[in-house]
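Before any comments, here is the structure.
Note on naming: letters A, B, ... go to the chains in the order of the sequence lines (proteins, then strands), and numbering restarts at 1 for each one. The shown structure was predicted, so the numbers you read here are calculated from the model rather than taken from an experiment.
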Number of protein chains: 2
Amino acid sequence: MAQPQRRQFDPTAHGLDPDFRGLNLRGGGVDSLSEQPEVPPVTPAPHIGIGMDSCITPLRHGGLSLVQTTDFFYPLVDDPYMMGKIACANVISDLYALGVADCDNMLMLLAIAQKLTDKERDVIVPLMIRGFRDLAEEAGTSVNGGQTVKNPWMTIGGVATTVCQSNEFIMPDNAVVGDVLIVTKPLGTQLAVNAYQWMDQPDRWNRIKLVVSEDDVRKAYQRAMFSMARLNRVAASLMHKYEAHGATDVTGFGILGHANNLASIQKEEVAFVIHNLPIIAKMAAVSKACGSMFGLLQGRSAETSGGLLIALPQEQAAAFCKDIEKQEGYQAWIIGIVEKGNRTARIIDKPRVIEVPAKEEGELW
Amino acid sequence: MAQPQRRQFDPTAHGLDPDFRGLNLRGGGVDSLSEQPEVPPVTPAPHIGIGMDSCITPLRHGGLSLVQTTDFFYPLVDDPYMMGKIACANVISDLYALGVADCDNMLMLLAIAQKLTDKERDVIVPLMIRGFRDLAEEAGTSVNGGQTVKNPWMTIGGVATTVCQSNEFIMPDNAVVGDVLIVTKPLGTQLAVNAYQWMDQPDRWNRIKLVVSEDDVRKAYQRAMFSMARLNRVAASLMHKYEAHGATDVTGFGILGHANNLASIQKEEVAFVIHNLPIIAKMAAVSKACGSMFGLLQGRSAETSGGLLIALPQEQAAAFCKDIEKQEGYQAWIIGIVEKGNRTARIIDKPRVIEVPAKEEGELW
């Protein structure tokens, strides 16, 4: 499938000032290269259960369970419509990580930045809501209910809920020695967003311009944006078909952080070892040029609305990857193996970096 | 039942600065007497259905429906533990307004004010969470899941979800001519909170000190705090017993605003006419002393975690009020009637103000 294209968000086409940038609505922006990337400053939520982002509550009714998740975010891309889609994809992704492919309802949680002018608000907010709703529809669900408030910072998020039989979800704690690890989206989303912002900031751009062109960065940003707005729904349903032993989605803690979380809750004494890192093209080089601050190659770089990291039987892995590529036109990658161990995860010393896409536009990526 | 007492929150007992006040965490505070009271700046959320705060989604499973609501708030009282309780009571209240007495799960949404010192955060946040959890437990449910972020403003809120048969909820649109209107908590909560803050602000205090003493204000604040932290659960279950024709909870739009919302969705051509206003003692006088800015006697003053406003058959009304008083020790009041009309609500010209409590401490109120 060719790289999807979306024209850059044009504020003037909506009657806004040409300098208006959705990204500037983010309250917790990065003010110096020495800071962390724009991971929303999240601390662990109160959880019961086994460390999943979703909660599973047994119901009074005939073996049914309530599966719910909530999440919210600061603006990550300039295009408000795409931001709505990304928020929706990210919220619902926690259900998909449990193999739950059908969401029964979504709520939308919206905080509108006080500093928006009336005009800006009237343009931006409906676009964000439409993006959120459109992706919910794509996911076969709808948005019924929510809350909107004013706030110094702009945030968008929601709640995804499903009621299902216990055979509709896959508990994430059944990995066994010999399983392999698959990831369904490339890494480097937040780095791509940062690099895109740096094109306007000479002191930062100077640090990376030797390893990347403006065209590279624009492409990486577009790839990141579409990747973040893509649902993990097909992956969720394929988890059943290929007998997955557990999964998580890859978000704020980076691939290694989430691999560690997933490893830590396993019933068996296993360890996850990651050999390969599929990364949005050129972002590995950008990360290196920035020193170790992002930690992309160390698996620490935050992702937004990343792919699923799935443990599944080795003999099913190739078929899983082939099937998802056939259905969606996007690659998935076998990135590691499950060994005997003490419920931790690690990346080998010199992981193989897979540039995504491997070739130029028009190719699969 | 005697007025419950809770010692004023003492910051120094927790190792905090004696000047620390939970109320100051509110970002959207009132900066001048001419402004509106501290209603959280809420705009209507995206709703489908009939204008309820909860959404009802039919499920794939045997006639079951998913009933959900979400809400969040800025700090309203100095005591973080009570603030947690109030937030929980307010979130879940939208389920109770549908006669749903059992909540299956809650999520907690917490935004932690950036300006808190580490010490303040370590004291305040666990107290808020404990208050929220304790009240969820009192409601027979529990908090599984949620999200915590940093934000310029402190907010606490959540999601309440239940899965139930259609006979477990009462659609709010069945009021008929001849019904009466009941409200289950006194009005004036936010005015009581404001008056309490004004004791520290001479220019504001001077405007009301002729009609109210400091002792009156402290009592009103305590009453408001406990009223806001009280669940509407008993009222919800009594809605079934006494065949209620519909209800709403009374929050940010004031009693008249919510009465109007409820009237507007009725199937029959009815109008709601309010004759009586039960108000926390002295707050009617305070409202008058402030001119019309609060509009308490006009039904416009925002409430937080207010009571249920219920339409039910006239012949059931006295028994409903007697039953709730017997079970909880708190009064409910018949405040109006349902007439033929054009689906609006109004307050009569000179409504009767019921001071709550009618007598001094130790009496029912």
Side-chain angles (χ1 to χ4, degrees), chain A residues 27-28 40-49 52-62 64-66 68-74 94 102 104-105 107-112 114 125 129 132-133 141-153 155 157-159 161-165, chain B residues 27-28 40-49 52-62 64-66 68-74 94 102 104-105 107-112 114 125 129 132-133 141-153 155 157-159 161-165:
Chain A
V42 174
T43 59
H47 270 310
I48 288 184
M52 301 172 296
D53 288 326
S54 292
C55 57
I56 300 176
T57 310
L59 295 171
R60 300 162 281 160
H61 309 279
L64 292 171
S65 293
L66 177 69
Q68 292 197 286
T69 181
T70 182
D71 229 338
F72 38 95
F73 318 94
Y74 304 101
D94 290 320
D102 291 309
D104 287 319
N105 190 43
L107 307 174
M108 194 188 308
L109 304 171
L110 200 56
I112 298 172
Q114 288 179 297
V125 174
I129 291 175
F132 195 99
R133 284 190 181 279
T141 184
S142 60
V143 182
N144 299 311
Q147 165 105 324
T148 307
V149 297
K150 283 185 185 160
N151 193 54
W153 294 354
T155 66
V159 179
T161 302
T162 204
V163 175
C164 61
Q165 302 288 351
Chain B
V42 174
T43 58
H47 270 311
I48 288 184
M52 302 171 297
D53 287 325
S54 292
C55 57
I56 301 175
T57 310
L59 294 172
R60 299 162 279 159
H61 309 280
L64 292 171
S65 293
L66 176 69
Q68 293 197 284
T69 181
T70 181
D71 229 339
F72 39 94
F73 317 95
Y74 303 101
D94 290 321
D102 291 309
D104 287 321
N105 190 42
L107 308 174
M108 194 188 306
L109 303 172
L110 200 55
I112 298 172
Q114 289 179 297
V125 174
I129 291 175
F132 195 100
R133 284 189 181 276
T141 185
S142 60
V143 182
N144 299 312
Q147 164 106 325
T148 307
V149 296
K150 283 184 185 162
N151 193 53
W153 295 354
T155 68
V159 179
T161 303
T162 204
V163 175
C164 61
Q165 301 288 348

Contact leader toward chain B among A/N105, A/T155, A/T69, A/D102, where contacts are heavy-atom pairs under 4.5 Å: A/N105
Side chains of B/F72 and A/L109 in contact at under 4.5 Å (non-hydrogen atoms): yes
Main-chain N/O of A/D104 paired to B/R60 side chain as donor or acceptor, under 3.5 Å: no
Heavy-atom proximity to chain A below 4.5 Å, by part of B/V159: side chain
Test item: A/S142 and B/T57 side chains (from C-beta on) under 4.5 Å apart, heavy atoms: no
B/Q165 side chain near B/L64 side chain, heavy-atom distance below 4.5 Å: yes
B/T70 versus chain A, the contacting section by heavy-atom distance below 4.5 Å: both
When B/L107, B/L110, B/L66 are compared by non-hydrogen pairs under 4.5 Å with chain A, the top option: B/L107
